[in-house]
Structures are given as structure tokens and as C-alpha cells.
Amino acid sequence: MKAFLSVLFLSILSASLGAKAPLFKSHLFEKGTLVYSDDFDGELNRERWQPRTKNWKVKDGVLIGAPDYKNAEEAEKALGRDHHLGLGPVIRLNQLPESFVCHMRFKYEGEDFQAARPKLDIGHHINNLFFRQGGYSLKLSGGELIEDRQSGFELNEWVDLVIEMKEGKLLIELNGHQRIFEHEQVSMQSHDEFTFKALDGASSRLVIDHVRLWKAE
């Protein structure tokens with residue numbers, strides 16, 4: 001009887017864990033292997049995440065980034081320089097597969113949009129996704145600029161973002177609004193990372209609720 005109960009318990013546990021596994025869905029790929037999933041209910045995964053500013057913490061099931069300093073004067077005095085002042089949180093998600101599917105939920109908080117922020121670099125300083133009122137501007141690796149104002153992006157509101165990518169092809173789905181870009185400038189150029197850059201300012205925060213990343217084929 002004890003053996004039967006043990007087997008039953010393990011079967012129920014296995015089914016429960018399986019039910020929680022993120023479901024792979026894709027428009028560009030047929031198969032995917034989950035390589036990273038995070039709901040931020042423990043310590044920050046330093047193998048995946050590389051904070052580029054200092055003020056980051058995991059709290060209440062989210063990852064939160066805030067400015068390192070209140071203003072430029074305070075930052076310049078502490079750092080002894082007038083650039084890279086940490087007035088807007090910046091963080092990288094590393095080890096992206098060559099072809100991937102990524103689902104994320106996050107929000108950029110702050111008072112108003114700025115010229116180059118908030119943004120998400122798909123690769124290091126390439127494939128720049130600049131978030132704008134109502135949508136985004138996408139600047140591809142070779143400079144091609146694409147505008148989209150149909151996704152309803154807003155500051156201080158949760159955003160559901162799906163990015164699917166392989167060489168020459170990029171899918172962006174923002175709040176359910178989807179576009180596929182086929183262009184020779186769609187390339188990671190061996191830079192396997194996302195770089196999140198929030199607004200500059202005392203009220204700025206980047207709050208990330210979850211991330212799912214699959215190696216796709």
C-alpha cells in the first residue's frame with residue numbers, strides 16, 4: 001500500500017510539474033527546446049542576467065531595476081565623470097540561442113518618452129527596438145528603420161512581448177499585435193543578448209515579471 005501511494009504521489013507531482021512547463025508556440029519554427037524560464041521567485045540568475053547598473057533586486061516575484069542616483073549632479077560627484085551615470089536602469093539577458101523564441105512580460109515606468117529610451121536591443125547595439133507612444137520604432141542592424149504604432153504600447157503598463165528570430169527573419173508580437181520582418185539586415189552578428197534600457201530619471205523603473213526562452217529549429 002505504501003509503495004502504491006508513493007508511486008501515486010510521484011505521478012501526481014510529475015503531472016503537476018509538467019502542467020507548469022511553458023508551452024512552446026511559434027509562427028517561425030516547428031520545434032523548440034526550453035533553455036531558460038524565470039518567474040523571479042528566487043535569487044537572480046547571474047549566469048543569464050548581467051546588470052549594467054547597480055540598483056537591481058528580485059522582490060515579490062518580479063525583477064526590478066531603478067536608477068543608481070537621483071540626478072546627474074549626484075552621479076557625477078560619486079563617479080567622477082559626466083557620462084554613463086546610471087540614471088536609467090540597464091540590464092542584459094545573455095546566452096540567446098542562434099535561433100530562438102522568447103516570451104516576456106515587463107513594464108517601463110517613468111514620466112515621459114525620451115529620444116532613445118526606453119528601448120530593447122536585440123543584440124548589442126543592433127536591432128534596436130525603441131518603444132514609442134502607441135508602439136515602437138525598429139532600427140535593424142544595417143540602419144533600416146521601420147515604424148509601427150499599432151500595438152498600443154504605453155509607459156507604466158504591462159507589456160507582453162514575443163520575439164522570434166533567425167538569420168534574415170524577425171517576428172515581433174507586442175500586446176498581441178504581430179509583424180514579421182524579412183530583411184538581410186536581420187542579424188544578431190554573434191551578439192547573443194538582449195539589452196534593456198529604461199528611461200533616465202528619478203521615477204524610472206524597469207519591472208520584469210517573467211521570461212521564457214526556447215532554442216528553436
Side-chain angles (χ1 to χ4, degrees), residues 17-18 20-24 32-70 74-75 78-81 83-110 116-131 141 158-166 170 172 174 187-217:
L17 291 174
K20 294 179 181 179
L23 180 64
F24 178 75
T33 301
L34 187 68
V35 294
Y36 176 57
S37 179
D38 207 330
D39 291 291
F40 303 109
D41 52 6
E43 295 294 323
L44 181 63
N45 186 331
R46 296 283 177 169
E47 292 184 4
R48 288 284 177 179
W49 293 97
Q50 181 184 8
R52 303 297 293 169
T53 49
K54 299 176 182 179
N55 195 357
W56 288 92
K57 63 183 178 181
V58 175
K59 183 179 180 181
D60 298 330
V62 292
L63 173 61
I64 303 169
D68 292 344
Y69 301 97
K70 295 180 181 179
E74 180 184 75
L79 298 172
R81 60 173 186 257
H83 58 283
H84 292 112
L85 300 178
L87 299 180
V90 179
I91 196 167
R92 290 178 185 163
L93 174 62
N94 294 320
Q95 303 178 37
L96 299 181
E98 184 175 351
S99 297
F100 65 85
V101 172
C102 187
H103 293 194
M104 297 179 280
R105 186 170 186 262
F106 61 89
K107 60 179 174 178
Y108 285 107
E109 297 179 350
R117 293 198 181 196
K119 73 178 220 175
L120 170 62
D121 287 346
I122 308 170
H124 187 60
H125 294 306
I126 54 178
N127 304 306
N128 309 125
L129 189 60
F130 298 98
F131 295 100
S141 61
W158 287 108
V159 173
D160 291 300
L161 177 65
V162 176
I163 297 176
E164 301 185 15
M165 186 168 182
K166 59 183 177 180
L170 170 66
I172 294 177
L174 186 59
S187 174
M188 294 290 284
Q189 299 180 355
S190 300
H191 296 286
D192 61 340
E193 66 194 45
F194 289 143
T195 302
F196 298 82
K197 295 186 176 182
L199 295 166
D200 285 340
S203 63
S204 171
R205 293 203 315 171
L206 169 57
V207 185
I208 304 177
D209 179 65
H210 67 253
V211 175
R212 314 280 186 254
L213 179 65
W214 290 266
K215 179 180 179 181
E217 53 186 290

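Taking every heavy atom of both residues into account, Ala216 and Val101 meet most closely at CB-CG2, 4.1 Å. Residues Trp56 and Pro51 share a closest heavy-atom pair of CD1-CB, 3.7 Å. The minimum heavy-atom distance between Gly110 and Ser203, with the atom names listed, is CA-OG, 3.9 Å.
By the 30° and 60° cut-offs, the orientation of the rings of His124 relative to His191 is tilted. The aromatic rings of Tyr108 and Phe131 lie tilted to each other, with the angle between the two planes from 30° to 60°. Below 30°, between 30° and 60°, or above 60°: for Phe196 and Trp49 the angle between ring planes is between 30° and 60°, a tilted geometry.
Distance check: Ile91 CD1 to Leu63 CG gives 5.0 Å after rounding to the nearest 0.5 Å. From Leu120, atom CG reaches atom CG of Asn127 across 10.0 Å, with rounding to the nearest 0.5 Å. The distance from atom OG1 of Thr195 to atom NE2 of His125, rounded to the nearest 0.5 Å, is 7.0 Å. How far CD of Gln50 is from CZ of Arg48: 13.5 Å, rounded to the nearest 0.5 Å. Atom CG of residue Leu93 and atom CG of residue Asp192 lie 9.5 Å apart, to the nearest 0.5 angstrom. Note that the CD1 atom of Ile172 and the CD1 atom of Ile122 stand 5.0 Å from one another [nearest 0.5 Å].
Residue Cys102 forms a side chain to side chain contact (heavy atoms under 4.5 Å, CB included) with just one option from Leu213, Leu161, Val162, and that option is Leu213.
Checked by atom type and distance alone, the side chain of Ser141 never pairs as donor or acceptor with a backbone atom of Ile126 at under 3.5 Å. Here the side chain of Ser187 pairs a donor or acceptor atom with the backbone of Gln189 at under 3.5 angstrom. Remark: side-chain polar atoms of Glu109 are not paired, donor with acceptor, to backbone N or O of Val207 under 3.5 angstrom. In terms of modelled atom types and a separation under 3.5 Å, the side chain of Arg52 and the main chain of Arg92 share no donor-acceptor contact. Remark: the backbone N or O of Leu96 is not paired with any side-chain donor or acceptor of Tyr36 at under 3.5 angstrom. The backbone N or O of Gly88 sits less than 3.5 Å from a side-chain atom of Asp200, completing a donor-acceptor pair. Side-chain atoms of Asn55 come within 3.5 Å of backbone N or O of Pro67 as a donor-acceptor pair.
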>> Could you walk me through whether Tyr69 and Lys54 satisfy the side chain to side chain contact (heavy atoms under 4.5 Å, CB included) test, starting with their C-alpha distance in whole Å, then the side-chain angles of each, then the deciding distance to 0.1 Å, before giving a yes or no?
In response: CA-CA 10 Å; Tyr69 301 97; Lys54 299 176 182 179; 4.2 Å; yes
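Between Phe40 and Val62 there is no side-chain heavy-atom pair separated by less than 4.5 Å. A heavy-atom distance below 4.5 Å is not found between the side chains of Thr33 and Pro97. Within the 4.5 Å cutoff, no side-chain heavy atoms of Phe106 are placed close to those of Val211. Side-chain contact between His210 and Ser37: absent, with no pair of heavy atoms (C-beta onward) separated by less than 4.5 Å. Between Ile64 and Arg205, the closest side-chain pair of non-hydrogen atoms falls below 4.5 Å. The shortest distance between side-chain heavy atoms of Arg117 and Leu199 falls below 4.5 Å. With contacts defined as side-chain heavy-atom distances shorter than 4.5 Å, the pair Leu34/Phe24 does not qualify.
In this structure, Lys215 places its NZ atom where only 12 or fewer heavy-atom neighbours from other residues, nucleotides or ligands lie under 6.0 Å away.
Contact check on Asp39 versus Arg212 returns a salt bridge, with a Lys/Arg side-chain nitrogen under 4.0 Å from an Asp/Glu carboxylate oxygen.
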